[in-house]
Each structure stands twice: as structure tokens, then as C-alpha cells.
Engineer: 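Take a look at the following structure, please.
Note: hydrogens, waters and symmetry copies are ignored here, and every other heavy atom, side chains too, is used. Residue indices begin at 1 and follow the sequence shown.
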Amino acid sequence: MPKTVQAPESFNLAIKLDDKKLMEIATKCLDDYKRDRDSRSDWESMHEKWKKLYYMQDKPTTPPWEGSSQESIPMLAEACGQFHARAYGALFPGRKILTCIPTGCNTTPDVLQRTKRVSAHMSYQLLDKDKNYKRNKDRLLLSLPLHGSMFTKTYYDTYQKRVRVDNVRASDLVVPYGTGPRDIADLPRKTERIWLPMYRANYLYRTKFFSEAPKPCTFEDEAVPVDQAHDDATGMSPSSESDYALLLEQHTFLDLDNDGVEEPYIVTIDKASEKVVRLTIRYEVDDLGRPTDYKNAIEYYTHYSFIDNPDGFYGLGYGILLGPINTSVNKILRQVIDAGTLSNVGNLSGIINSRVGLKGGEVQLALGKLIKTNSDMEDISKGIWQPKFPGPAPVLNDVMRALTLRGDRLAMVTESITGQAERVMQPTTVMALIEQAQTIFSAVYERVIHSWSDELDKVYRLNGIYMDEYEAFMFAEYGQDPETMEVSRGDYLPDMRVVPLADPKQSTKRERLAISDAMMDTAMKCPFTMNDPEALYEVFRQRYEDIGVQNLMSILPPKEIAIQKVEEQKMQMQQQAAMQMEAQQKAAMMEMVAKYGSSMLNHVIDGIKGYITTQMQTEAQLESTVIKADADIEKAERKPNGEAY
């Protein structure tokens, strides 16, 4: 069914304002953007340096001679790669990546069914329908440890008619200067640099999304130091002509109704023409267009921080923490290599006195060849001076090793973590070292998951506005058959929070298997689950997933069929046990007949029958006595007139 609802923030207010007002808005926003970017010029230069260290392209500023050493040690690259590999596997444990939690105390069956439908639909939407969502998270987790901050922007794309979650680099989101910790929602403004292909820009202009047609802008006009470092490392260079338009999307506050109160708006400016091409509100309104929630700003961006900065906005990453150590190690490494080069080659060079009598200019020795001369050898030895280069100092190796070990500890890429331990240690000692190192990683994962939850809440909100009235989809978890489900726009009521299912404490397969072993052992001993087929099915299904079985459905049958088979096997076992007991009783009777004769067996059977009859008579007399006693008690408790007290 086509969509029938359009959110008020999708209307372009620029078409209702005159050119003078639009020019005032553009001038103000451009001045704010330039001032904000100038305030972080040194910050951009630092990130350029970290990028060069990451790509091992940092060159010595004053090389001792042409062709001297330029080698680097990839400390930053190894630290970022280790974090990325662990985090990516921890954030996507299975097909279902999130769950919904009601914000109130309403846990009726209808609400629980809603949470199931919405959780499945959003997992399907982000992993199956959006082909780039998981890939973008992969890129985010690789860039986050280097720069310390990454952002995502959650919005409805009118061009593709779907909810989108795009990565935004820290270098492309310009914020004003400030001191102390600041949340992204508390900033007075933020400006995103968007490079938009011209074909999309022209389409959006023709469909009235933009009030002005954006113009092409070359990358050289808006060069960013981080991009230059990347181009130098990968051998790329910007062309003189561009097929992209540069848009500055500023989330700011404006007073358009002249009431003295600034309200939140989104201003989009074409950088080449410096004109406003779009202006929209940034607050909630009701169905009649009236502002709600006191015009509080809607936040589109989500800040992912590697380590929260207690004194600033941007997070702290390995670039600022490990970059200086990596630079020092590279300098010492080059000094060692250059000293070795001088020791090997420099000692074969020198100065020759022209009186020695050797013909020609420079003299170069050739292996396996002799040079004729008329000069005396003693005169030659006196006429030649050679420098003495002793080679690299041993202390340089000690200093480089100390810095490298300290940097590895800071980045938590020690030998026990990377699986390259050189010393033999007890398994318990190795596990303790790994667990201690994982504590640092778990703290970073917690921050990432917290930001991810905020991002998913934004997706939840947009689904409640823009999705079709009803949407059918197929969803299946591991080990289960695909199930046809249907979700409605009404399921996305603002009474739930979305929480990722990722566990920050389970980032390695070894840890997942250890927890899985403990879970299985507990389930098999617990009196509430050891005889419950449904509970044991879930335990074994989780076990197969932790092991890493790919085609789980071919091994583990669906839950209903598996439980039915277990019940049938239980009945068969009970029948076999009954038949076995009956056969044992018959064999015992036959043995008694053979040993004592039939008369003795009949005597035993008569004795058993008599005992049973006596027991039945005793129980009947006891029951009669109890009934009579109850009647006497009831009679004694009645009043003289027959009524009960």
C-alpha cells in the first residue's frame, strides 16, 4: 500500500521566504561554519598526521640524506585492526540484532506480541532490506579507534523512499568550539559537509525538494587535510572537474517568526552559489501542524565515541593516545637503520689526496678487481681518509623495545591477546591476562552499544511516521523455518525503547563457548529445565550457534517437531520399560513354579490377596470413623435452635 502520511519536517520552507531573508540566513550560517572550522584547524592537522601514521606514510621532516630510511612500524594499524575484528563479531551475534522493551509497566500479551513483531521487522529492515547497514557499521568500527569519534545520521530519504542510516566522519561534521564534556543534542549548531552527486541534486531540484539548483564544486576548493593524507597514501588525486555538489547542512536555531525566541531548523546551503536551497523545521508537530513538546529539537545525529572526552566534545582514540609513541618508535627505527647503513656503506667512503697519483676523479672499489697504480702503498694509505661509523647504539634497541611494549599495553594488543605468546605460561594465567585486557575492550563496547541504542530509537521513530500502513515480510532466526509476519505503522507507538542484543562481555569465540558450556551444565542439572524439552531445545540451539554451525536448520529440526519427537521417544521408552517389567515378573513367577510347584505359588497368591483385602477393610473402617467424628463435631457446634454459631 502506498504511503499516505507525510511528516511536517519534510516541507521546504525556503519557497515561502523572500530572497533578502534567505540571503541573511545563508550569510549567518556560512559565517558560523567558517568560524567553527577555523577553531579546529589544528585538530584537522592532527587527524591528518594520525592518518599518515595509520597508512605508514609519515615521512621524516629533515632526512639526513637523500634515500635515508622512511620505514615505519604499524602500531596504530595493528591496534585499530584488533579492536575492529573483535567489535564487529560482538555487535552482530545472529540474525536478530535487537529487541524492544516497553517503557511503562504495560506487559499485556498484545504488547509482548508487538515487541516480537517490531523486533523482527527492524532486524529484517536493517540487515536484509538495507544492504549497506552492516557494511557501514564495519567501516565505522574501523575508523572509530583511530579518530576517537564517528557519527551516524538517521533520516528519511525522499529520493529512495526509505529510512537511511549513513556514516558521517568527524572531519565532515563541524561543531562550534566549547570546553568541558558536551552532548551532541546540546550543541547550538552543527554543520555537515555533504558531497551530493549532480544527478541526484538535479533530481531533487526537479521534484521541488530543493528550491535552487545546486552547482558543481571541485574537491580542491574544499580540501580537508584528512582526505589529502588518504589520497597521498592510496595514490589518488582530485580532478579539476567535479560531478558533485557540496552542500552544507546546518542544524541550527533561527527566529523566523520574530517573537524573540529561536526555534530549531535545518538550513541546507549550496557551497558553490552560497544560496539556501532548503529550510525545514526540526521539531515535532501534531496532525494539524501545531508544535508539540515545547519545540524541542529533533536530533538526527548519533555520536559514537571510542573513549569519552571529559574535557571536550570529540572522543579520544588511539590516534591521540598511541600516535606520539608510534612517532617516537618510527624515529628510533629510522635512526637504527640509517646507522646500520652508514656502518655498512659509509665506512667504504672517504677523501683521497690528489697527490696519491690515482687517475680519474672519484675512485670506487669493485669486488674481485685490482687497480694499478705507480704510487707507493704507504703514500696511498697516508693520502686516504675514511670516516669510522660504529653502527647503531645498543641503547636505541632497548628504548625502541620499551616504547613498543608500552604502546602495545596501551592498545591492548599484547602477545596473549593476539595469540602470539613467546613464553610458556599456565592456561589459567593466560586466561587471566586475556580477561584483564578484555575489560578495557568491554568498556568501549558498552559505549558503542549505548550509542547504537540511541540510533535504533531514531529508526523506530521514523518507521512510525514514514513506513507503509502495513508491511509483510519473511523473517527467520538460526535453526528455525522462515515465518511470514506482518507489522503495521500503529505498532511503532512511542512507548518502547530499542536495545541491541549484542553482549559487550562476549567478544571472542572462546568466551562464548565457555559461557555456553556453563549454560548447558546448569540446564542439565536444574530440576526446572532438565526434564523440559522446550527449555533444552533452546539451550542446544544456542550451543550450535556458539559453535558456529552454518547450516543449522539441516541439523536441528524446528522446535515443534523436535518436541513431538522427544515425547514420542519418551512414550516408547515407557512402553518398553513396562513390557520389560512384565516380562521380568512372568519370569519370576515361572521360576517360583519350577522351584516350589504350583500349589506353593497359589498359596503365596492367596496370601497376597488376603493382605490386600485386610488393608481395604481397615481403610474403609478408618474412613467411616472420620466421617462420624466430623458429624459429631458439627452437631456440637450448632446452637440449641439448630443454627450454627
Side-chain angles (χ1 to χ4, degrees), residues 26-61 70 72 76-77 80 136 139-140 142-144 146-153 166-177 189-201 213-251 267-277 301 312-315 317 319-320 323 327:
T27 302
K28 176 183 181 302
C29 292
L30 287 172
D31 290 343
D32 290 340
Y33 165 72
K34 294 176 182 177
R35 184 169 61 254
D36 295 342
R37 188 175 177 188
D38 290 341
S39 68
R40 68 169 201 171
S41 57
D42 293 340
W43 178 90
E44 293 183 351
S45 299
M46 291 172 59
H47 282 261
E48 178 189 16
K49 184 178 180 180
W50 303 339
K51 201 76 171 181
K52 290 180 179 179
L53 281 172
Y54 179 84
Y55 286 116
M56 293 176 289
Q57 295 295 319
D58 61 312
K59 308 298 182 183
T61 55
Q70 296 182 355
S72 301
L76 266 180
C80 295
N136 284 338
R139 296 164 178 160
L140 183 147
L142 187 58
S143 179
L144 178 64
L146 176 62
H147 299 286
S149 285
M150 276 289 288
F151 302 88
T152 60
K153 179 183 177 183
D166 294 340
N167 286 346
V168 180
R169 301 181 304 173
S171 58
D172 289 331
L173 191 67
V174 182
V175 301
Y177 172 80
R189 61 183 173 273
K190 57 191 79 75
T191 308
E192 180 188 358
R193 296 157 36 89
I194 303 174
W195 290 96
L196 189 68
M198 286 304 301
Y199 74 90
R200 287 192 60 183
K215 297 180 180 181
C217 181
T218 61
F219 292 93
E220 295 179 348
D221 296 338
E222 282 292 323
V224 178
V226 173
D227 294 336
Q228 293 178 352
H230 173 270
D231 292 343
D232 294 340
T234 57
M236 304 292 291
S237 60
S239 60
S240 57
E241 298 182 0
S242 175
D243 296 325
Y244 288 83
L246 177 58
L247 303 178
L248 301 179
E249 182 180 298
Q250 187 172 112
H251 293 219
V267 183
T268 306
I269 301 174
D270 176 34
K271 185 63 171 61
S273 63
E274 296 187 349
K275 292 183 178 180
V276 176
V277 297
Y301 297 96
F313 173 71
Y314 293 110
I320 194 170
T327 301

Engineer: Going by the side chain to side chain donor-acceptor pair (under 3.5 Å) test, which pairs reach into residues 223-239, not counting sequence neighbours?
Structural biologist: Arg169-Asp227

Engineer: For Ser273, what residues pass the side-chain hydrogen bond (donor to acceptor under 3.5 Å, both in side chains) criterion, not counting sequence neighbours?
Structural biologist: Asp270

Engineer: Is Lys28 close to Val267 at the side-chain level, that is, under 4.5 Å between some pair of heavy atoms?
Structural biologist: no

Engineer: Tell me if a side-chain donor or acceptor on Asn167 pairs with a main-chain N or O of Asn136 at a distance below 3.5 Å.
Structural biologist: yes

Engineer: Say whether Asp32 and Thr191, considering side chains only, have a donor N or O and an acceptor N or O under 3.5 Å apart.
Structural biologist: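 Judged by distance alone, the side chains do not pair up.
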
Engineer: Working to the nearest 0.5 angstrom, can you tell me the gap between Asp172 CG and Glu192 CD?
Structural biologist: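 Answer for the CG-CD pair, Asp172 versus Glu192, is 7.0 Å.
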
Engineer: Rounded to the nearest 0.5 Å, how far apart are CG of Leu173 and OH of Tyr314?
Structural biologist: 6.0 Å

Engineer: I need the minimum non-hydrogen distance between Ala233 and Gln57, along with the two atoms involved.
Structural biologist: CB-CG, 3.7 Å

Engineer: As an exercise, state the distance from OG of Ser72 to OH of Tyr54, rounded to the nearest 0.5 Å.
Structural biologist: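 Reported to 0.5 Å precision, the distance equals 14.0 Å.
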
Engineer: Which heavy-atom pair separates Lys215 from Met198 by the least distance, and what is that distance?
Structural biologist: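 Looks like C-SD, 4.1 Å.
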
Engineer: Scan for salt bridge (charged side-chain N to carboxylate O under 4.0 Å, His left out) pairs involving residues 242-251, sequence neighbours excluded, and state none if there are none.
Structural biologist: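 Applying salt bridge (charged side-chain N to carboxylate O under 4.0 Å, His left out) to every pair that reaches into residues 242-251, excluding sequence neighbours, yields Lys153-Glu249.
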
Engineer: Just wondering, do Pro214 and Leu247 contact through their side chains at under 4.5 Å, heavy atoms?
Structural biologist: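 Yes, side chains in contact.
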
Engineer: Go through the steps to decide whether Trp50 and Ile320 satisfy the test side chain to side chain contact (heavy atoms under 4.5 Å, CB included), and finish with yes or no.
Structural biologist: CA-CA 8 Å; Trp50 303 339; Ile320 194 170; 3.5 Å; yes

Engineer: Who passes side-chain contact (heavy atoms from CB on, under 4.5 Å) against Ser242, sequence neighbours left out?
Structural biologist: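 With neighbours one apart ignored, the set is Thr218, Phe219, Tyr244.
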
Engineer: Mind checking the NE2-NZ spacing from His251 to Lys190? Nearest 0.5 Å is all I need.
Structural biologist: 7.0 Å

Engineer: With sequence neighbours left out, write down each residue that passes side-chain contact (heavy atoms from CB on, under 4.5 Å) with Thr327, or none if nothing qualifies.
Structural biologist: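 Per chain and number, Thr327 pairs via side-chain contact (heavy atoms from CB on, under 4.5 Å) with Lys49, Leu53, Lys331.
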
Engineer: Let's go through Arg37 and Glu44 carefully: what are the C-alpha distance in whole Å and the side-chain angles of both, what is the deciding distance for side chain to side chain contact (heavy atoms under 4.5 Å, CB included) to 0.1 Å, and is it a yes or a no?
Structural biologist: CA-CA 9 Å; Arg37 188 175 177 188; Glu44 293 183 351; 3.4 Å; yes

Engineer: Atom CG of Asp42 and atom CE of Met46: how far apart are they, to the nearest 0.5 Å?
Structural biologist: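 Between Asp42 CG and Met46 CE, I get 8.5 Å after rounding to 0.5 Å.
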
Engineer: How long is the gap from CG on Leu144 to CE on Met150, to the nearest 0.5 Å?
Structural biologist: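 The CG atom of Leu144 sits 7.5 Å away from the CE atom of Met150.
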
Engineer: Can you name the side-chain hydrogen bond (donor to acceptor under 3.5 Å, both in side chains) partners of Ser149, sequence neighbours left out?
Structural biologist: His303

Engineer: Give the minimum heavy-atom separation between Ala229 and Lys51, together with the two atoms involved.
Structural biologist: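 Smallest interatomic distance, heavy atoms only, reads CB-CB, 3.9 Å.
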
Engineer: Quick one: does any side-chain atom of Arg35 pair with a main-chain N or O of Pro176 as donor and acceptor, under 3.5 Å?
Structural biologist: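 No: the side chain of Arg35 does not pair with the backbone of Pro176.
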
Engineer: On a heavy-atom basis, which atom in Arg40 and which in Ala170 lie closest, and how many Å separate them?
Structural biologist: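 Heavy atoms of Arg40 and Ala170 come nearest at NH1-O, 3.1 Å.
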
Engineer: Where do Gly323 and Leu76 come nearest, in terms of heavy atoms and distance?
Structural biologist: CA-CD1, 4.5 Å

